[in-house]
2 protein chains.
Amino acid sequence: MTAETPEQLFRKTLHARGYRVTPDRLRVFRHLLARPQPVAVAELADALQAEGTHPVTVYRVIDCLSALGVVHPVLLGSAVGFELSAPFRAHHHHLWCRGCGRLFDLAECELDPVIRRIEEVHHLKVEGHELTLEGLCDRCAARSEA
Amino acid sequence: MTAETPEQLFRKTLHARGYRVTPDRLRVFRHLLARPQPVAVAELADALQAEGTHPVTVYRVIDCLSALGVVHPVLLGSAVGFELSAPFRAHHHHLWCRGCGRLFDLAECELDPVIRRIEEVHHLKVEGHELTLEGLCDRCAARSEA
DNA sequence: GCTTAATTGCAAATTTATTGCAGAGAGGGT
DNA sequence: ACCCTCTCTGCAATAAATTTGCAATTAAGC
């Protein structure tokens with residue numbers, strides 16, 4: 001069998017939960033898929049207005065995608081942005097650089113053992129996690145060592 | 001020597017960076033100190049208006065405390081709240097329970113080794129981190145197992 | 001106390017997010 | 001392909017959250 005594209009999976013996800021596949025939802029999804037960084041909803045609304053999606057609809061679509069677990073919130077400084085969750089986007093974390101203000105993806109995540117321990121100690125069931133580091137990116141760190 | 005109270009340390013912190021010690025700043029600080037959970041700024045503004053602090057001032061005070069590192073933002077669902085940072089409040093993380101919607105503090109943090117590894121691999125300098133877990137608290141987890 | 005610069009209050013503007021309702025459109029059955 | 005139903009969207013209005021400029025106030029050093 002041929003591999004399933006993210007969009008096909010997205011359509012299935014909507015469908016499976018009784019949500020309809022609409023042009024606006026696809027537009028938001030595609031935008032997020034193409035986008036390397038988390039976006040604030042207001043910014044997303046601005047961007048998509050140019051493509052013909054009403055701002056109010058963007059808010060509603062994000063609610064829908066949140067409910068589906070297709071997107072999740074990320075802390076951007078003291079604001080919130082959204083980005084695609086797994087399996088649409090590989091699980092990863094972020095570094096917010098105090099030096100240049102940019103946000104970096106950190107591919108690896110070695111939190112599983114830590115989280116499993118927390119589950120045991122507290123008798124919790126952890127289903128997701130969001131880690132944001134704050135500090136200096138490689139460039140800014142190198143500069144500050146000089 | 002007698003131990004230094006959090007408020008004394010706060011006054012010193014303000015002073016050391018050229019900020020003035022004002023009644024409004026103390027009120028915000030004390031409110032956060034007494035408060036077990038992170039607060040949204042708007043909510044804080046409401047609460048403190050009763051004590052005579054103007055809402056606009058609350059926004060400005062939070063900016064000030066953020067700049068000083070006295071408070072830091074925390075992800076609350078898809079909103080942001082603030083809470084005191086170390087050393088005013090012991091470093092800790094949170095669990096957001098999908099079952100009952102409550103937010104729990106997790107005392108221990110065993111992320112240091114993980115973070116040190118990330119620093120090495122990426123040549124970063126990590127100065128702070130924020131981890132929020134999402135899942136089920138002990139009570140909701142027990143119930144769902146039944 | 002006096003001086004100076006930081007801080008606050010107020011009013012207004014801006015930005016962000018929510019709501020109700022009527023019309024448009026997606027999806028299932030025929 | 002057509003129809004029916006129920007979801008989704010657009011619009012306009014509203015509400016809530018946050019920012020800004022400026023004048024008046026006040027903390028802190030001398």
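To find a chain, count down the sequence lines: A is the first, B the second, and so on, and within it residues start at 1. Predicted model, so just to flag it, every value in this text is computed and none were measured.
- Electrostatic pairing of B:D24 and B:R27 counts as a salt bridge here, judged by a charged N lying under 4.0 Å from a carboxylate O.
- Straight-line distance from the OH atom of B:Y59 to the C1' atom of D:dG21: 18 Å, rounded to whole Å.
- To the nearest angstrom, C1' of D:dT26 lies 15 Å from CG of B:L14.
- Comparing B:V21 and A:V56 by the nucleotide of DNA chain D that holds the closest heavy atom to each, the one mapping nearer the 5' end is A:V56.
- Look at CD on A:Q49: it is 13 Å from P on C:dT15, rounded to the nearest Å.
- Regarding B:H15, its NE2 atom lies at a distance of 14 Å from the C1' atom of C:dA5, rounded to whole Å.
- In this structure, A:D63 places its CG atom 10 Å from C1' of C:dT18, rounding to the nearest Å.
- A donor and an acceptor atom sit less than 3.5 Å apart, one in the side chain of A:R20 and one in the base of D:dC6.
- Nearest-nucleotide positions on DNA chain D place A:P23 closer to the 5' end than the other of B:D46 and A:P23.
- Interatomic distance, B:D138 CG to A:K125 NZ, rounded to the nearest 0.5 Å: 14.0 Å.
- Using a 4.0 Å heavy-atom criterion, one finds that B:R25 contacts the sugar-phosphate atoms exclusively.
- Note on B:R11 versus B:E7: salt bridge recorded, some NZ/NE/NH1/NH2 to OD/OE distance being below 4.0 Å.
- For A:V61, the side-chain atoms get nearest to D:dT9 when compared with the rest of C:dA17, D:dT9, D:dA17.
- Spacing between atom OH of A:Y19 and atom C1' of D:dT9 amounts to 16 Å, rounded to whole angstrom units.
- Distance from the side chain of B:T22 is smallest for D:dA27 among the nucleotides D:dA17, D:dA28, D:dA27.
- Rounded to whole Å, atom P of D:dT18 lies 12 Å from atom CD of B:E43.
- Whole-Å rounding puts the B:I62 CD1 to D:dA17 P distance at 15 Å.
- Between B:L32 and B:V70 there is no side-chain heavy-atom pair separated by less than 4.5 Å.
- Aromatic pair A:H129/A:H72: centroids not less than 6.0 angstrom apart.
- Side-chain nitrogen and oxygen atoms of A:T57 include at least one within less than 4.0 Å of the OP1 or OP2 phosphate oxygen of D:dG10.
- For C:dC10, the OP1/OP2 oxygens have a side-chain nitrogen or oxygen of B:H54 closer than 4.0 Å.
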